[in-house]
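Accompanying notes for the structure given below.
Throughout, a chain's letter reflects where its sequence line sits, starting with A, and its residues are numbered from 1. On a predicted model such as this, the values are computed, not experimentally measured, just so you know.
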Protein chains: 2
Amino acid sequence: MNKTSTGNAQAPRPDGEDGSTPTNRGTARAQVDTAVRSALLTGRFIPGKAVTLRGLAQELGVSPMPVREVIQRLAAENALNVKPNGRVQVPEMSPSRFDEILKARLLLEPELAEMALPQLDHADAKVLEDIDLEIDESISCGNAESYLRLNHAFHFKIYASSNSEILMPLVESLWLQFAPFMRTVYGRVGTANLVDWHKEAIRAIRNDDPTALNAAIAADIRDGMGILGRESLPEI
Amino acid sequence: MNKTSTGNAQAPRPDGEDGSTPTNRGTARAQVDTAVRSALLTGRFIPGKAVTLRGLAQELGVSPMPVREVIQRLAAENALNVKPNGRVQVPEMSPSRFDEILKARLLLEPELAEMALPQLDHADAKVLEDIDLEIDESISCGNAESYLRLNHAFHFKIYASSNSEILMPLVESLWLQFAPFMRTVYGRVGTANLVDWHKEAIRAIRNDDPTALNAAIAADIRDGMGILGRESLPEI
DNA sequence: TTGGCTATTTTGTGATCACAAAATTAGTCG
DNA sequence: CGACTAATTTTGTGATCACAAAATAGCCAA
């Protein structure tokens, strides 16, 4: 007997029909994971949007299998909401959720920035400054999706230097939870009236001032969520 | 022929061979999830232990499928470590990880307890007192697994009253991360020299004193992890 | 037109399969 | 006797299938 003992009913062709893409190991799941995370963080998934296995699978050109694993992963981070009947949707915001996310961010992110500060040098400050300039541009253009992407890049450029294994994933989970909602908010009230605490943070990094950096990050969170959040919640 | 039009190659029998268990929807995954979580929290999974799909599946009497989803879930919470080659193991502790978990717990758990305080009444205090008595018993018996289980019950009896949707999952993730390590520590140095801050916390609940509860939880965390952790880490 | 019922479709869940890479074991040669 | 290599086993990954429950569409009657 050869190695195929029983009838082969499925998946005889991992790639196209030529051996062009050898379908590297673990690629499909990573692709789905980054795609969905990116969509959540830039607000392309609206709160309440239904996420279906086969739908996402077809959209990304993979089988439902890697999608299932990614959905479980994101559900564990509370970035997706699995309803009791198994249906999955992007979580909707509620006042209590919003307040708690704000509280959690204020507890964790300033601390994380302080942890990162010793590893941040002037080159990093320059990169942050460039990102911040692009942010200003996005604001003046009213490009909410670009703003969300760059704001995320700014914060995590800082946090990444912390080499944190614990706080960092917690903060990433928080961002996945509030980002979709912020997109709808910015889409409604615009991004114009945002006070720019980023420049303050950059100055604190250049001065190697932990207290100032902590305060700048906290103020940025408070302004970014506080000012916009209140009048835009489903109900007060 | 039966109603299956095409060849039926798999899963012809969802339950045993009599219709005893109709295999309720979503039971298998929940069963695996609670089993693995419980094993992690009570230290039955030692850090470094390899977790295999087929192994766990056979051990729990289910197909590898629900195990895959649970592993992805727990990996997303950093309760399991997926190595670059796909192998999964219970994460090992490192000094930096330990310090960061301690820091994160001190940031989140006292706050969570304070949030819970308004919802805690004297009946809850009584339940907590009973749990604490059992904890004392476990300590005197040197039963580390029972101690871990009851200590978890004590803390989360408090936290559950917070009705938290955000902080609570973060704290659960933290517990899953340090519990397996604590089991090995308690197994080595014993549970005898634990200062009991639980009674202080119960008193604070009875007095409706947020500051005292905050302080008691913080002290409990510091003592539980600080005293034991240092001399037991792999390397300093 | 509308309310309720039925039929169809959609969707998540559990299971098995084929395959490749990795780990383990066996075997052999120096 | 030890180290290197080849064969075997283990293990994760992606895919398809059958099934049940839920959601939707369709339909008929009041």
### Query
Using a distance-only test with no angle check, is there a side-chain donor-acceptor pair under 3.5 angstrom linking Ser173(A) and Gln177(A)?
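A pair is found: one side chain offers a donor N or O, the other an acceptor, under 3.5 Å apart.
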
### Message
Taking the nucleotide of DNA chain D with the nearest heavy atom to each, does Ala28(A) or Arg54(A) sit closer to the 5' end?
### Response
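Per heavy-atom nearest nucleotide, the more 5' residue is Ala28(A).
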
### Within residues 155-171 of chain B or reaching into it, pairs that qualify as salt bridge (charged side-chain N to carboxylate O under 4.0 Å, His left out) - sequence neighbours excluded
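For residues 155-171 of chain B: Asp124(B)-Lys157(B).
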
### Query
For residues 76-94 of chain B, which residue pairs qualify under salt bridge (charged side-chain N to carboxylate O under 4.0 Å, His left out), counting only residues two or more places apart or in two chains?
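Matches after skipping sequence neighbours: Arg37(B)-Glu77(B).
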
Partners meeting side chain to side chain donor-acceptor pair (under 3.5 Å) with [X] (sequence neighbours left out):
X: Glu172(B); value: none
X: Asn151(B); value: His198(B)
X: Thr52(B); value: none

#### Entry: Relative orientation of the end axes in the helix from dT1(C)-dA30(D) to dG30(C)-dC1(D), expressed as an angle to the nearest 10° (five pairs per end)
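End-to-end axis angle for the helix from dT1(C)-dA30(D) to dG30(C)-dC1(D): 10°, rounded to 10°.
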
#### Entry: Phosphate contact (dT13(C) OP1 or OP2) by Arg29(B) side-chain N/O below 4.0 Å
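Result: yes.
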
### N/O (side chain, Asn85(A)) to phosphate O (OP1/OP2, dA23(D)) under 4.0 Å
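Indeed, a polar side-chain atom of Asn85(A) lies that close.
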
Quickly work out the [X] [atom1] to [N] [atom2] distance and round it to whole Å.
X: Asp33(A); N: dG14(D); atom1: CG; atom2: C1'; result: 16 Å
X: Ile71(B); N: dG14(C); atom1: CD1; atom2: C1'; result: 16 Å
X: Leu53(B); N: dG14(D); atom1: CG; atom2: P; result: 12 Å
X: Arg87(A); N: dT11(C); atom1: CZ; atom2: C1'; result: 5 Å

### Query
Which residues, if any, of residues 56-70 of chain A bring a heavy atom under 4.0 Å of DNA chain C?
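Result for residues 56-70 of chain A: Met65(A), Arg68(A), sorted by number.
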
### Residues that Glu145(A) engages under side chain to side chain contact (heavy atoms under 4.5 Å, CB included), provided they are two or more places apart
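By the side chain to side chain contact (heavy atoms under 4.5 Å, CB included) rule, Glu145(A) matches Thr42(A), Arg44(A), Asn143(A), Arg183(A).
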
### Task
Only counting residues at least two apart or in another chain, list the ones meeting side chain to side chain contact (heavy atoms under 4.5 Å, CB included) with Gln119(B).
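Expected list: Ser161(B), Asn163(B).
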
### Task
Can you label the angle between the Phe156(A) ring and the Tyr159(A) ring as parallel, tilted or perpendicular, going by 30° and 60°?
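Correct class here is perpendicular.
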
### Task
Report the residues that fulfil salt bridge (charged side-chain N to carboxylate O under 4.0 Å, His left out) with Asp121(A), sequence neighbours left out, ordered by chain and then residue number.
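In terms of salt bridge (charged side-chain N to carboxylate O under 4.0 Å, His left out), with neighbours along the sequence ignored, Asp121(A) is linked to no residue.
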
### Task
Output all residues satisfying salt bridge (charged side-chain N to carboxylate O under 4.0 Å, His left out) with Arg68(B), sequence neighbours left out; order by chain, then residue number.
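Arg68(B) satisfies salt bridge (charged side-chain N to carboxylate O under 4.0 Å, His left out) with Glu69(A) once adjacent residues are dropped.
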
### Task
Within residues 74-83 of chain A, find the residues that approach DNA chain D with a heavy atom at under 4.0 Å, and present them sorted by residue number.
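The stretch gives none, as no residue of it lies under 4.0 Å from the strand.
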
